[in-house]
Amino acid sequence: MTQSGWHFLQIPGPTNVPDRVLRAMARPTIDHRGPEFAVLTLELIAGLRRVFKTTEPVVIYPGSGSGASEAAYVNTLSPGDRIIVFETGHFALQWRRIAERLGLRVDYVPGNWRGGASDSELELRLTADNGHEIKAVVVVHNETSTGVASRIPDLRKAIDRAKHPALLIVDAVSSLASFDYRHDEWGVDVTVCGSQKGLMVPPGLGFCAISKKARAAQKTAKLPRHYFDWDEMLTQNEKGFFPYTPATNLFYGLREALQMLEEEGLDNVFARHARHGEATRAAVRAWGLEIVCEDPREYSNSMTAVFMPDGHNADELRKVILDRFNMSLGVGLSKFAGKVFRIGHLGSFNDLMLAGTLAGVEMGMRLAGVPHREGGVMAALKSLSPVVEAAPVR
Ligand SMILES: Cc1ncc(COP(=O)(O)O)c(C=O)c1O
């Protein structure tokens, strides 16, 4: 069926690409070994550094977040190295799978998919590792399958308390440019990201921000690498070039998106995401549904994962919402398939888009016969527009 009006892409990424970004990409592709391209690359790297909050190198791959994850491993580790991965959800599982395929040994710290990585557990494990066999700790900052945000500064402190030299590798795919992230200040060694979420660019780019310690680890890292090798990339990047053909038109889009983030100001971007996270959670509570994230200190501001009432399937609800209201919501991933739906509220987004999104969910639940209380949308509207002073009712 043809639907009029906009499609609501409310999955937790790829996110709605702003018209400005789309228009910026609609330009002729240029010579990626020419002077105009070099200027573009250097501008992008400088802009990305401001978003990652780092003065260290940021590399850009034509690829996606998963490619950048593989890059983080192959540049810093050797076959048989032991690493810790926290089981926070589907994306942590992906990190585990990639590691095992590469021949790394994974200590998978069990989790119930409703909480973040535990700093006390990390400290215990690292303190017990007297021989410093563990070479890296991997944490998904915002676990996109659950809407739980781990507290990276606390994990850094745990590593420091244990006086352990393991590298800290953080997946910021669905947190960067949505809520606070500080590569340098938090002592992260490799931060991994993709273009299609908070950065508001279509899918197709993967990023690694790389600390000095990670660069030093590369000197002894023996995992085979070619495409993802940082050495050649960083040498070429210095002059604004790449060892292979970069994704030129996505770069135009990224330049525009970085410009938009700077115009709004990163702190304002974070505050906007925080308001939208809070309003979404207000709606879910008013509906009487359960938020997957158990600890309010770990609520994600980029997306909210919601449990379906027992006996009701999330995919049936999502289908009704797609068919009737032309809106896509996130699926439940892995063990949450059918049990959870996810509302993306990140990227290029505003109050009325959120109101429309939540209205679509509430109407969908009515039509699909999902038990809930009315008033979720109203709770969100009140959260978005609190009464400043009570005026007397006449
Ligand atoms: C937290 C997280 N990590 C990794 C990935 C994988 O990234 P990509 O799909 O860009 O390869 C995703 C994708 O949604 C993600 O949300």
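All figures in this text were calculated on a predicted structure; none of them were measured in a lab. Indexing begins at 1, ligand by ligand and atom by atom, following the structure's order.
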Next on the checklist: Is there a polar contact, in the sense of an N or O pair closer than 3.5 Å, between N142 and ligand 1?
Outcome noted: no

Checklist outcome for this item: The atoms of ligand 1 lying under 4.0 Å from a heavy atom of V140, numbered in the order shown, are 1 (C)

Checklist entry - Are there more than 12 heavy atoms of other residues, nucleotides or ligands under 6.0 Å from atom CD of E263? => result yes

Next on the checklist: Can you tell me which portion of Q94 lies within the under-4.0 Å heavy-atom range of ligand 1? Options are side chain, backbone, both, or neither.
Outcome noted: neither

Item to check | Validation row: S195, F207 side chains within 4.5 angstrom (heavy atoms) | outcome: yes

Item to check | Test: R82 and D107 ion pair at under 4.0 Å | outcome: yes

Next on the checklist: Under 3.5 Å, is there a donor on one side chain and an acceptor on the other for D351 and H276?
Outcome noted: yes

Checklist entry - Below 4.0 angstrom, N of the basic side chain to O of the carboxylate: do D231 and R225 qualify? => result no

Checklist entry - Do any heavy atoms of S64 fall under 4.0 Å from ligand 1? => result yes

Item to check | Side-chain donor-acceptor contact under 3.5 Å, T304 with H345 | outcome: yes

Checklist entry - Nearest protein heavy-atom contact for atom 9 (O) of ligand 1: which residue, which atom, what distance? => result Q196 NE2, 4.0 Å

Item to check | Side-chain H-bond candidate by donor/acceptor type, N142 with S175, under 3.5 Å | outcome: no

Checklist entry - What residue and atom, counting heavy atoms only, is the protein's closest point to atom 3 (N) of ligand 1, and at what distance? => result D171 OD2, 2.5 Å

Checklist entry - Taking N or O atoms only and a 3.5 Å limit, does T144 qualify as a polar contact for ligand 1? => result yes

Next on the checklist: Could you identify the single nearest non-hydrogen protein atom to atom 6 (C) of ligand 1 and state the distance to 0.1 Å?
Outcome noted: S66 OG, 3.6 Å

Item to check | Per-atom contacts, ligand 1 versus G65 - under 4.0 Å to a heavy atom | outcome: 7 (O), 8 (P), 10 (O), 11 (O)

Next on the checklist: Is it true that D129 and H164 share a donor-acceptor pair across their side chains at a distance under 3.5 Å?
Outcome noted: yes

Checklist outcome for this item: If you scan protein heavy atoms around atom 13 (C) of ligand 1, the nearest is F91 CE2, 3.4 Å

Checklist entry - Which ligand 1 atoms are under 4.0 Å away from a heavy-atom of K197? => result 13 (C), 14 (O), 16 (O)

